[in-house]
S.K.: 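Take a look at the following structure, please.
The shown structure was predicted, so the numbers you read here are calculated from the model rather than taken from an experiment. Side chains are part of it too, since the values below use all heavy atoms of this structure and drop only hydrogens, waters and symmetry mates. Just so you know, residue 1 is the first one in the sequence shown, and it goes up from there.
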Amino acid sequence: MKRNKILLVSLMLLGSVAAVQSCSDEFIDVKPSESMTIDDLEKFNNDNGATYFVNSIYAKFLDWNMSTFAWIGVTSIISDDADKGSTDGDTGSDKNLLDALNITATTPSFKELFASNYQGINRCNEALKYIPQLDKANSELRKRLMGEAKFLRAFMYFTLVKSFGGVPLVDRVPILGNAEDKKMQLTRVSKEEIYAFIEKDLKEAIESLPGKGAYGGTEVGRASVGAAHALLAKVYLYQKKWQLAAEQCDLVTGYSLTPSFIDIYKVSGENNAESIFEIQGSGADAGRAIQQYSKVQGVRGTGGWGWGFATPTQGLYDAYTAEGDKERRDATIIHRDMTLYDGRYIPSTVENKFYNYKAYSSAFYDKDATDTNIRYLRYAEVLLIKAEALNELGQTSVAIPLLNQVRERAKITPTPATSQADVRTAIWKERRLELAFEHDRWFDLVRTGQAQAAMAADGGKKFIVGKHELFPLPYEFIMEAGGLSQQNPGY
């Protein structure tokens, strides 16, 4: 009998620890963590078994290499929103290099960014291959799970294409030793092909996913049809497909802004009416926490408890102040001599002037396991995406009220901007103030052409046009590709 192999994931609930990653000679790790014969697939042939395949994908987002140090580095520290922080002597492996925009193909964080997302994509491909074979599981459940897997695969490919441009399109479970599958893993396709694949996955996910309200109990936080529409709107935004972006925003229904901005980031605000998609962390169970996400960014020094990396810049603090935006400033930035919402006092003796408030965990502030969720898609961003798209379509008068909805929640005056150019600038500024430390700033700077000026204003850092729009592909991948993939320009 032919003995095919499938992935044996850790059989835990949503948000649990994923299976330990295997050692692999291949840079894109597609080998199973543990293997079993196809005969044993019958053990998964029920509702719980089908769900386990998709839970392992969500669990990947809890891993250190996926959501913590490297991700914080390449989205926050590299941008004008954050400095390296910590202490002068603690480089954080390469966080000093990211902060200085002194990056190369051997900078470790890019390897982690690249590899972790492909590990997650492999779990998606496993789910999409094997769930259809589980004929004893509920058919509607299987349909929904396939939609979740496609949403999550699209999410990870969106991260990769924003970061590296064209990357290998691994759309199936590779067979070890198969020459064509090996070539697939090591050959870049164009960014246009990746975007087309993302769009296809999201459109198919939309056909399979329920509304947010369909989830309850331990299922809260799973991908919904609203999340798929919101992510597709963002994907269109990055490609300047303005009309399509606006249309997708109109399909994100049933959400509303949280009245008080800071309440979004408390445990009580997780998965609330504004939340569209967030990664779930539970400090009550170390196995379900986003690994050290809060601790890495926690207050450092005497009177502190964390490592102190990714500290807000003076420029970000001043941007809030200049806008009269005390509401979001004081919910985003911890500073010395400050009392937090739970009564914890930050003394003047801590190492750095500022810290990331959005990563703060009240109940588990000094623990490796955090109850902080990562907010990835919120209704406020949908309003800003629609405003930007409509403004670019020449519908500036319709875009302005959408922008002002976000400003009103922040308790600041309506925008004085009226021309298309001024409203464009106002929307970009609003995205910075609204979404700081939600892992968008660097990519926003690049896609809007602001990066060179923003980096120069952030301590005279040199953004090289034609190079720094993309991160370098990891050196190890280029060596393994052996000519099948070329490095990005300038590296």
Side-chain angles (χ1 to χ4, degrees), residues 61 66-68 70-82 98 109 113 117 154-165 195 198 227 230-240 245 248-249 252 257 261 264-265 274-279 290 293 297 310 312-313 315-316 319-320 325 328-329 331-333 356-359 372-389 402-403 406 410 424-451 453-455 458 463 468-471:
F61 284 93
M66 183 72 149
S67 297
T68 307
W71 183 235
I72 292 164
V74 303
T75 56
S76 293
I77 293 173
I78 199 171
S79 80
D80 59 342
D81 275 0
L98 294 172
S109 288
L113 172 66
N117 278 278
F155 190 102
M156 288 180 272
Y157 268 118
F158 188 41
T159 295
L160 288 169
V161 75
K162 288 186 297 182
S163 300
F164 301 106
Y195 271 119
I198 292 168
L231 183 56
L232 185 53
K234 194 166 182 173
V235 167
Y236 285 143
L237 181 81
Y238 270 69
Q239 299 175 85
K240 296 181 166 57
Q248 287 299 313
C249 288
V252 182
L257 296 178
F261 186 76
I264 301 169
Y265 307 98
E274 181 165 345
S275 171
I276 298 176
F277 183 68
E278 52 192 80
I279 302 303
I290 302 165
Y293 182 80
Q297 300 174 86
T313 60
L316 176 62
Y320 284 112
D325 191 352
R328 287 183 296 195
R329 185 194 69 192
T332 302
I333 300 175
N356 178 9
Y357 207 167
K358 290 183 179 179
T372 298
N373 287 3
I374 300 179
R375 280 72 170 175
Y376 272 129
L377 291 169
R378 295 193 284 112
Y379 186 60
E381 184 177 12
V382 172
L383 293 173
L384 293 175
I385 290 172
K386 186 176 179 182
E388 184 171 347
L402 298 170
L403 170 60
V406 180
R424 179 184 297 122
T425 300
I427 291 168
W428 291 348
K429 182 189 295 183
E430 202 68 25
R431 285 187 63 88
R432 183 187 193 188
L433 302 181
E434 179 71 24
L435 302 173
F437 292 97
E438 294 179 41
H439 306 288
D440 271 321
R441 177 60 175 171
W442 174 260
F443 302 118
D444 268 348
L445 289 175
V446 169
R447 74 172 180 86
T448 59
Q450 300 176 86
M455 289 297 99
D458 185 27
F463 180 95
H468 285 141
E469 290 87 353
L470 297 174
F471 296 144

S.K.: How about Val161 and Phe158: do any of their side-chain heavy atoms sit closer than 4.5 Å?
M.R.: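 Result yes, sub-4.5 Å side-chain heavy-atom pair found.
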
S.K.: Kindly confirm or rule out a cation-pi arrangement of Lys162 over Phe443, judged by NZ or CZ under 6.0 Å from the six-membered ring centre and within 45° of its axis?
M.R.: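 Checked: cation-pi criterion met.
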
S.K.: What's the shortest heavy-atom distance between Tyr195 and Gln239, and which atoms?
M.R.: CB-OE1, 3.3 Å

S.K.: What I'd like to find out is whether the side chain of Trp428 reaches to under 4.5 Å of the side chain of Asp444, using heavy atoms alone.
M.R.: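 They are not in contact (no side-chain heavy atoms under 4.5 Å apart), so the answer is no.
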
S.K.: If we ignore hydrogens and angles and just use 3.5 Å, is the side chain of Ser79 paired with the main-chain N or O of Arg441 as donor and acceptor?
M.R.: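 Side chain of Ser79 to backbone of Arg441: no pair is present.
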
S.K.: With a 4.0 Å cut-off, would you call Glu381 and Arg431 a salt bridge?
M.R.: yes

S.K.: Is Leu113 close to Ser163 at the side-chain level, that is, under 4.5 Å between some pair of heavy atoms?
M.R.: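 They are in contact (side-chain heavy atoms under 4.5 Å apart), so the answer is yes.
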
S.K.: Where the side chain of Tyr320 meets the backbone of Leu433, is there a donor-acceptor pair that is under 3.5 Å apart?
M.R.: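 Indeed, once roles are kept as given, a pair shorter than 3.5 Å links the two residues.
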
S.K.: Are the side chain of Gln297 and the backbone of Tyr293 linked by a donor-acceptor contact shorter than 3.5 Å?
M.R.: yes

S.K.: Please round to the nearest 0.5 Å and tell me the distance separating atom CG of Leu402 and atom CG of Leu383.
M.R.: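 The CG atom of Leu402 sits 6.0 Å away from the CG atom of Leu383.
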
S.K.: Could you measure the distance from the CG atom of Asn356 to the NZ atom of Lys358? Nearest 0.5 Å is fine.
M.R.: 8.0 Å

S.K.: Please determine whether side chain to side chain contact (heavy atoms under 4.5 Å, CB included) holds for the pair Glu278 and Ile374, giving the CA-CA distance in whole Å, both sets of side-chain angles, and the decisive distance to 0.1 Å.
M.R.: CA-CA 5 Å; Glu278 52 192 80; Ile374 300 179; 5.9 Å; no

S.K.: Closest heavy-atom contact between Ala436 and Leu316?
M.R.: CB-CD2, 4.1 Å

S.K.: Measure the shortest side-chain to side-chain distance between Thr313 and Asp458 over non-hydrogen atoms and say whether it is less than 4.5 angstrom.
M.R.: yes

S.K.: Could you report the tightest heavy-atom contact between Thr372 and Ala359, atom names first, then the distance?
M.R.: OG1-O, 3.6 Å

S.K.: Side chains of Ile198 and Leu232: does their closest heavy-atom pair fall under 4.5 Å?
M.R.: no

S.K.: Between Phe277 and Phe155, is the gap from one ring center to the other below 6.0 Å?
M.R.: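 Yes; Phe155 has its ring centre under 6.0 Å from that of Phe277.
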
S.K.: Using 30° and 60° as the class limits, which term best fits the ring planes of Tyr376 and His439: parallel, tilted or perpendicular?
M.R.: tilted

S.K.: Would you name the heavy atoms of Glu469 and Phe463 that are closest together and state the gap between them?
M.R.: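 So the two residues come closest at N-CZ, 3.7 Å.
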
S.K.: Within a strict 4.5 Å, meaning less than it, do heavy atoms of the Ile279 and Asn373 side chains meet?
M.R.: no

S.K.: Is it true that Tyr357 and Phe437 have ring centroids separated by less than 6.0 Å?
M.R.: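 They do not qualify: ring centres at least 6.0 Å apart.
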
S.K.: Within this structure, what is the CD1-OG1 distance for the pair Ile72 and Thr75, rounded to the nearest 0.5 Å?
M.R.: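 Ile72 CD1 to Thr75 OG1: 7.0 Å, rounded to 0.5 Å.
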
S.K.: Is the shortest distance from a Lys or Arg side-chain nitrogen in Asp440 or Arg432 to a carboxylate oxygen in the other one below 4.0 Å?
M.R.: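 Judged by the 4.0 Å cut-off on N to carboxylate O distance, Asp440 and Arg432 do not form a salt bridge.
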
S.K.: Could you give the distance from NZ (Lys429) to CD (Gln450), rounded to the nearest 0.5 Å?
M.R.: 10.5 Å

S.K.: Could you tell me whether Glu434 and Arg378 have a side-chain N and a carboxylate O separated by less than 4.0 Å?
M.R.: yes

S.K.: Could Glu438 and Arg375 be called an ion pair, given the rule that one side-chain N must be under 4.0 Å from one carboxylate O?
M.R.: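 No, this pair does not count.
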
S.K.: So which atom in Ala230 and which in Leu377 form the shortest heavy-atom distance, rounded to 0.1 Å?
M.R.: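 Closest heavy-atom pair between Ala230 and Leu377: CB-CD1, 4.3 Å.
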
S.K.: Measuring only between side-chain heavy atoms, which start at C-beta, is Met455 closer than 4.5 Å to Leu445?
M.R.: yes

S.K.: Indicate yes or no for a side-chain donor-acceptor contact from Lys234 to the backbone of Ile385 under 3.5 Å, with no hydrogens or angles considered.
M.R.: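 Looks like no, no N/O pair under 3.5 Å.
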
S.K.: Between the main-chain N or O of Ala82 and the side-chain N or O of Ser76, is there a donor-acceptor pair closer than 3.5 Å?
M.R.: no

S.K.: Indicate the ring-plane relationship of Phe164 and Phe471, choosing parallel, tilted or perpendicular according to the 30° and 60° boundaries.
M.R.: perpendicular

S.K.: Taking NZ, NE, NH1 and NH2 as the nitrogens, is one of them in Asp325 or Arg328 under 4.0 Å from a carboxylate oxygen of the other?
M.R.: yes

S.K.: With the side chain counted from C-beta on, respond yes when Leu98 and Ser109 share a heavy-atom pair under 4.5 Å apart, and no when they do not.
M.R.: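 Yes. Closest side-chain heavy atoms under 4.5 Å.
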
S.K.: What is the minimum heavy-atom distance between Ala245 and Ala389, and which atoms define it?
M.R.: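 Heavy-atom minimum between the residues: CB-CB, 4.2 Å.
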
S.K.: Would you give the length of the straight line joining atom OH of Tyr379 to atom CG of Leu257, rounded to the nearest 0.5 angstrom?
M.R.: 7.0 Å

